[in-house]
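Because only heavy atoms are used, hydrogens play no part in the values below, and waters and symmetry mates are left out as well, while side chains stay in.
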Amino acid sequence: MDNDVIVWIVIAVVVLALLAALAYVLSKRKKQRDQERDHAHAEQLRRQALTHQPEVTESQLDARKAEAEAELARTEAERAERRAAEARQASAVTEARQEDVVRQADSIDPRVDHRSEGYTPVTPAEGTGTTSTGTTSTGTTSTGSTTGSTSGAAETDVPGRHRDV
C-alpha cells in the first residue's frame, strides 16, 4: 500500500472521529438546552399552581363545611325519625286506650252485641265516617252519653252494632 493512501485513510478516520465528536457535543448541548427549557416550563407551571392555592384551600374548606352540614342534617333527620316513632307509639297507645273505653262502654250497653263474631268497636272518630263494611253511616252513635240515646235510622253500620230509631 502506498503511503499516500494510508495518510488519506488516517485523515479520513480523524475527520470522521472529529465529526462524530462534534455531533456528540452538539447533541449533548441540544439535550441540555431542552432540559433547561423543560425545567423552566416546569417552574412556571409550579408558580402558576401556587397562584391557585387560595382557590384550592377555599374549595377544601367548602367541602368540609358541606360535610359538616350533611352530618348535622343526618343527625337532625335521625332525631326527627325518633320523635316520629315516639309520636306513632304514643298515638297507638292513645288509640288503644280509647278502644278499651269504647269496648267497656259497648260491654255495658244492652243495645250493642259486643259478643257477635263481626263486632268491631267504633270510636267516636269512626262513628260518623266510613265503617269497616264500607257503608257510610247516616247518623251518629253516642257511646259516651249518659242517657244512651242515639239518632238516625234503625240500621246496622257495623256488624254487632245496632242503632235505634
Side-chain angles (χ1 to χ4, degrees), residues 24 26-164:
Y24 175 76
L26 291 175
S27 170
K28 188 93 165 154
R29 283 183 184 171
K30 182 180 183 313
K31 186 175 180 181
Q32 187 176 9
R33 280 192 308 264
D34 289 347
Q35 285 178 345
E36 288 174 6
R37 186 190 69 232
D38 290 347
H39 176 71
H41 187 249
E43 287 298 316
Q44 179 186 6
L45 290 175
R46 286 185 185 100
R47 284 190 301 274
Q48 189 178 16
L50 282 176
T51 63
H52 295 294
Q53 186 59 38
E55 295 170 16
V56 171
T57 303
E58 183 178 345
S59 177
Q60 290 171 340
L61 289 174
D62 289 345
R64 285 189 207 122
K65 180 180 175 184
E67 288 172 0
E69 289 172 354
E71 181 60 33
L72 181 63
R74 279 191 290 274
T75 303
E76 286 298 319
E78 289 170 1
R79 286 183 192 147
E81 186 60 39
R82 282 194 300 274
R83 286 192 304 264
E86 290 169 359
R88 284 190 299 269
Q89 184 178 9
S91 174
V93 167
T94 303
E95 288 176 24
R97 287 181 183 151
Q98 182 184 28
E99 185 177 317
D100 286 346
V101 171
V102 170
R103 284 181 186 273
Q104 182 182 12
D106 288 350
S107 70
I108 328 177
D109 192 343
R111 291 174 283 169
V112 177
D113 183 9
H114 64 279
R115 294 184 181 165
S116 73
E117 188 176 311
Y119 167 75
T120 304
V122 178
T123 60
E126 296 171 344
T128 58
T130 312
T131 64
S132 61
T133 59
T135 60
T136 305
S137 57
T138 56
T140 59
T141 303
S142 175
T143 58
S145 171
T146 56
T147 62
S149 65
T150 59
S151 63
E155 63 180 43
T156 304
D157 60 343
V158 174
R161 183 176 291 264
H162 302 280
R163 287 192 282 168
D164 291 342

Output yes when Lys65 and Asp62 qualify as a salt bridge under the 4.0 Å nitrogen-oxygen rule, no when they do not. no
Would you find more than 12 non-hydrogen atoms of other residues, nucleotides or ligands less than 6.0 Å from Glu117 atom CD? no
Under a 4.0 Å N-O cut-off, is there an ion pair linking Arg79 with Glu76? yes
Charged N to carboxylate O below 4.0 Å: is that the case for Glu99 and Arg103? yes
Counting only heavy atoms not in His41 (residues, nucleotides, ligands), do more than 12 fall under 6.0 Å from its NE2? no
Does atom CD of Gln53 have more than 12 heavy-atom neighbours from other groups under 6.0 Å away? yes
With a 4.0 Å cut-off on N to O distance, would you call Glu36 and Arg33 a salt bridge? no
If you define the side chain from C-beta out and look only at heavy atoms, does anything of Leu50 sit under 4.5 Å from Arg46? no
If you define the side chain from C-beta out and look only at heavy atoms, does anything of Glu69 sit under 4.5 Å from Leu72? no
So CG of Asp38 and CD of Gln35: to nearest 0.5 Å the spacing works out to 8.0 Å
Trace of the salt bridge (Lys or Arg N to Asp or Glu O under 4.0 Å) decision for Glu67 with Arg64: CA-CA 5 Å; Glu67 288 172 0; Arg64 285 189 207 122; over 6 Å; no
Without swapping roles, check the side chain of Thr94 against the backbone of Ala90 for a donor-acceptor pair under 3.5 Å. yes
Under-4.0 Å salt bridge between Glu81 and Arg88: yes
Could you walk me through whether Gln44 and Gln48 pass side chain to side chain contact (heavy atoms under 4.5 Å, CB included), step by step? CA-CA 6 Å; Gln44 179 186 6; Gln48 189 178 16; 5.6 Å; no
What distance separates Lys30 NZ from Arg37 CZ, expressed to the nearest 0.5 Å? 7.0 Å
How close do Tyr119 and Val102 get, heavy atom to heavy atom, and via which atoms? OH-O, 4.4 Å
Within 6.0 Å of CD in Gln89, more than 12 heavy atoms from elsewhere: no
Between Glu55 and Ser59, is a side chain to side chain donor-acceptor pair (under 3.5 Å) present by the stated rule, with each step listed? CA-CA 6 Å; Glu55 295 170 16; Ser59 177; over 6 Å; no
Test item: Thr75 side-chain N/O and Glu71 main-chain N/O as donor-acceptor pair under 3.5 Å: yes
